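A short write-up of the structure that comes next.
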Amino acid sequence: MTTVHERPDTFHDNDQKPVGHGRMLRKEDPRFLRGRGRYVDDVQLPGMLHLAILRAPVAHARILGIDTSAAEASPGVKAVVTGAMLAEQNLAWMPTLSNDVQAVLATDKVRFQGQEVAFVVADDRYAARDALELIDVEYDVLDPVVDARRALEPGAPLIRDDLEGKTNNHCFDWETGDEAATEAVFGRADVVVSQDIVYPRVHPAPMETCGAVADFDAVEGKLRLWSTTQAPHAHRTLYAIVAGIPEHKIQVISPDIGGGFGNKVPIYPGYVCAIVATIVTGKPVKWMEDRSENLVSTGFARDYIMRGEIAATLDGRILAIRTNVLADHGAFNGTAAPVKYPAGFFGVFTGSYDIEAAYCRMTAVYTNKAPGGVAYACSFRITEAVYLVERIVDCLADELGMDPAELRLKNFIRPEQFPYTTKTGWVYDSGNYEPTMRLAMDMAGYDALRREQEEKRARGELMGIGIAFFTEAVGAGPRKDMDILGLGMADGCELRVHPTGKAVVRLSVQSQGQGHETTFAQIVAEEIGIPPADIDVVHGDTDNTPFGLGTYGSRSTPVSGAAAALVARKVRDKARIIASGMLEVSVADLEWEKGAFLVKGDPGKTVTIQEIALRAHGAGDLPEGIEGGLESQICYNPSNLTYPHGAYICVVDVDPGTAQVKVRRFIAVDDCGTRINPMIIEGQVHGGLTDGVGMALMEMIAFDEDGNCLGASLMDYLIPTALEVPDWETGFTVTPSPHHPIGAKGVGESATVGSPPAIVNAVVDALKPFGVRHADMPLTPSRVWDAMRGNARPPV
Amino acid sequence: MQVTMTVNDVEVTREIEGRLLLVHFLRDVLGLTGTHWGCDTSNCGTCVVWLDGEPVKSCTVLAAMAGGHEVRTVEGLARGGELDPVQQGFMQCHGLQCGFCTPGMMMTARALLDRNPDPTEAEIREAISGQICRCTGYATIVRSVRWAAVHEAAAAAQVTETTESDDAGEIANAGQPAGSLS
Ligand code: FES
Ligand code: FES
């Protein structure tokens, strides 16, 4: 079932109060508007000390010695700690989320510029940073490995000599699909197109950097940790394992988070340092990294060097897709993805097309760069997969001389083929692609745009139209094959209805701006008819919420949202039994109408959920076998991922004199199944589209040949401002997920996944008169200028 | 050294280090944590406050330089318990997500509307171009500021109509906006 809607009016008073799904203002806004948000750096505890980290100035060097005496004597300094000291406590190394290890503080060598070497704890932030200057580290500088292509060359410097028996910089190999079958299809295809495509290293750079306040109470033996984490429960479990503190004695509090985008999924050395520092000093300790530290040391994204190949018939039937990927994982494999998916969900690189065969081979290497890899709203690497397939499909359209929209329409998986198993084994739950594509084309006025382009080309003006169509895979994940360090990717939810009919719902996921306090109240309201305003949403505190894996990979709605709906249904089932007693009829004679039970055929006889709540807690009889109270809890384990899709069209103008790209229009039609709060969905889409402009045109974490990070500040790492982005045009279709209790799919990363190929396709389309078939991101004026002169080159 | 300044209409005097930044003075010394910081390079604008009515990046001003001057922060944006129309606009038009850039954006927006009560979309984008929002994609921020402009104009018109009336603050009753942004 698909319904098609027009773009909603975007400027109106927005004060609807639905009891359930629908456009509704956010419950969390009043505190933010008054400056009363509570972020980690806002936490002030009595006697709190401040921690600052000394970082490596070079990318690869052996540490010969560290002299901390001058720093220790610096005014206000309480402690100076090095890797050697941590090693004595067996704390110098910690596990990463990908079964590798990472140094908390370097002991033997530094392996990337910005790596943590020592920390200072002092009375205030200024004193701590003063003392950093006084730590004297003697380095023996080694040759770095900067270019991933050279990491496996014989004689390349060995980065991970800490790993026993390691003799090269190989990280892992991975493959998916059927190599032989794909080869056979390529062999008989009319047309084969191949293209080298780089998705450069970028950084999520949330406006709030990462940090923590650690407070260890030695008497209670309890550690309280306020931290910038998207996954408080998973972090608590890992701290228990790393630090040896019993799990029930750790409380992780994730207060308001100033944006995450995957940057706040990993455990960073700074968090562990803050924990060590509070234990050592007996005082609460705050660590907040500055922007440069955030950019040089915390989880980056992408860094895939890809070769894409596509095979097709002359009339434009896509037969097979094949790709070879070199993945740069930095100095430690810190990828945050389900363990059995070392390349995340890159396996969906076959996109939205019904093809005969597919194959991917990947090699991952270590380099002297910061660790990370899965971040920046990437949906576990679906950004890379969608970019690859949507770019290569455009290359094929160019080869065939076919319109890129027509080529896509011709090859879409058809609605009757769902659930559709791809050639790499993913089971797409539902989809109806053509109406989504047609709506985007209608909104864009596609044919008129092509005519305009033709006229402009005749005048020498450079205008481009780019299309991208994506299928996402979100909501990790089914416990049969998805876990993070052995933890199943399920989420708990607890719902309690108070005697007066108000309620509290407790979540294991953690908002970083997604508006959970509103949408989860709406999900519950839809099921039990209590207005969202009467439902308090509690999250971000491991002592007060059920266990679950947290918010990333667009998993909150698919997993935790399902849990919230199901727990509300459990409460409603109990309410029905209590109502049958109150109305003295059998359960089967009751009908539910949002907020009340009615006796069938006797509409005058009714009890509201509020009346039932009072009876559940009050005096008087309850039906036999029913306990008092009206509450329940659940742990939801999804049976499959959800597969949202979308059609994006971008229109750009390129200045022939300066090579400056201007995004003139951007049309985004998203299908995320059932829509809980359209206002919030639109906001999520807008944010992701802006990320896309950043990645396609501006953002890149570059390195020089010595491994110096060239994107270490917001002056060098350019993020879009209001001047670089257009007013977004959004639309939607609705294809519910068949297995999600309310039919919803995730949407938080759709736009980040879908927009970069749309923009790049538009720029390449604009440059067609110069014979350009591909140009790598970021399409800065100088890189576009080079492409116009036949000199397109990879960014790394 | 000692510094005295007026913050949100209240005079404060504190003993500080000469190098203390205004943003840290507001947050750590006065506990006004509504003003945020997000960079070291004057690029992000999450720290914007007013110094004598002008928006400034408080990470780039020494607390000592604010001595003798008037500072206003997001905590001082609502007057008389009533949210400023800019604050209401941000809520109505979903101009915030994580809320981290929001105080700075609202301080700039208020200053813009004080100078230019009917700014175009381009003027709004220009005004906030020194500030980064990583969540919203800016379109809803632009709409939020337009909402405030339209509702302020409507409220002012109402005040003129009902002379001696004191309901300029009742923005919620102030009629529908004139039309769409584009
Ligand atoms: S903190 Fe970024 S501009 Fe002031
Ligand atoms: S709302 Fe998150 S940075 Fe603007």
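Chain naming here is simple, since letters A, B, ... match the order of the sequence lines and numbering starts at 1 in each. Computed from a prediction, not measured in an experiment: that's the story for all the values here.
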side-chain contact (heavy atoms from CB on, under 4.5 Å) between A/M679 and B/T140, intermediate numbers included: CA-CA 10 Å; A/M679 177 188 86; B/T140 56; over 6 Å; no
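Contacts of A/D41 with chain B are made by both backbone and side-chain atoms, with heavy-atom separations under 4.5 Å. Looking at A/E289, the atoms closer than 4.5 Å to chain B (heavy atoms on both sides) all sit in the backbone: N, CA, C or O. Heavy atoms closer than 4.5 Å to chain B are found in the side chain of A/Q44, but not in its backbone. Neither the backbone nor the side chain of B/L77 comes within less than 4.5 Å of any heavy atom in chain A. Of the two parts of A/T721, the backbone and the side chain both hold a non-hydrogen atom closer than 4.5 Å to a non-hydrogen atom of chain B. Only the backbone of B/T136 comes within less than 4.5 Å of a heavy atom of chain A; no side-chain atom from C-beta onward does. Both the backbone and the side chain of A/R26 come within less than 4.5 Å of a heavy atom in chain B. In this structure, chain A has heavy atoms under 4.5 Å from both the backbone and the side chain of B/L20. When heavy atoms are compared at a cutoff of 4.5 Å, A/Y126 approaches chain B by way of both its backbone and its side chain. Looking at A/D42, both its backbone and its side chain come within 4.5 Å of chain B, counting heavy atoms on both sides. Neither the backbone nor the side chain of A/A377 comes within contact range of chain B; no heavy atom of the residue lies under 4.5 Å from a heavy atom of that chain. Only the side chain of A/T209 comes within less than 4.5 Å of a heavy atom in chain B; its backbone stays farther off. Heavy atoms of A/R125 lying under 4.5 Å from chain B belong exclusively to its side chain. With a threshold of 4.5 angstrom between heavy atoms, A/I680 approaches chain B through its backbone and through its side chain. Contacts of A/Q514 with chain B are absent, with no heavy-atom separation under 4.5 Å from either backbone or side chain. For A/F666, no part lies under 4.5 angstrom from a heavy atom of chain B. With a threshold of 4.5 angstrom between heavy atoms, A/P204 approaches chain B through N, CA, C or O but not through any side-chain atom.
Heavy-atom pairs under 4.5 Å with chain A were tallied for B/G99, B/A78, B/G34; the largest tally goes to B/G99. Between chain B and the residues A/P206, A/G37, A/S292, the most heavy-atom pairs under 4.5 angstrom are made by A/S292. Looking only at heavy-atom pairs under 4.5 Å with chain B, the residue among A/D29, A/T690, A/N294 that has the most is A/D29. Each of A/S511, A/A751, A/G35, A/G260 has some count of heavy-atom pairs under 4.5 Å with chain B, and the biggest count is that of A/G35.
Nearest heavy atoms, A/M207 versus B/F100: O-CE2, 3.4 Å. The shortest heavy-atom contact between B/C44 and A/L714 is CB-CD1, 4.0 Å. What you find for A/M288 and B/W37 is that their closest heavy atoms are CB-CZ2, 4.0 Å.
With rounding to the nearest 0.5 Å, the separation of CE in B/M106 from CG in A/L33 is 5.0 Å. Here the OH atom belonging to A/Y717 is positioned 15.0 Å from the SG atom belonging to B/C39, to the nearest 0.5 angstrom. Considering CG of A/L723 and OH of B/Y138, their distance stands at 9.0 Å, rounded to 0.5 Å. In this structure, CD in A/E724 is found 10.0 Å from CZ in B/R125, a value given to the nearest 0.5 Å.
At distances below 3.5 Å, at least one donor-acceptor pair connects side-chain atoms of B/Q97 with backbone N or O atoms of A/G683. Formation of a donor-acceptor pair under 3.5 Å by the A/W728 side chain with backbone atoms of B/G137 is found in this model.
Identified by a heavy-atom distance below 4.5 Å to chain A, the contributing residues of residues 23-30 of chain B are B/H24, B/R27, B/D28, in residue-number order.
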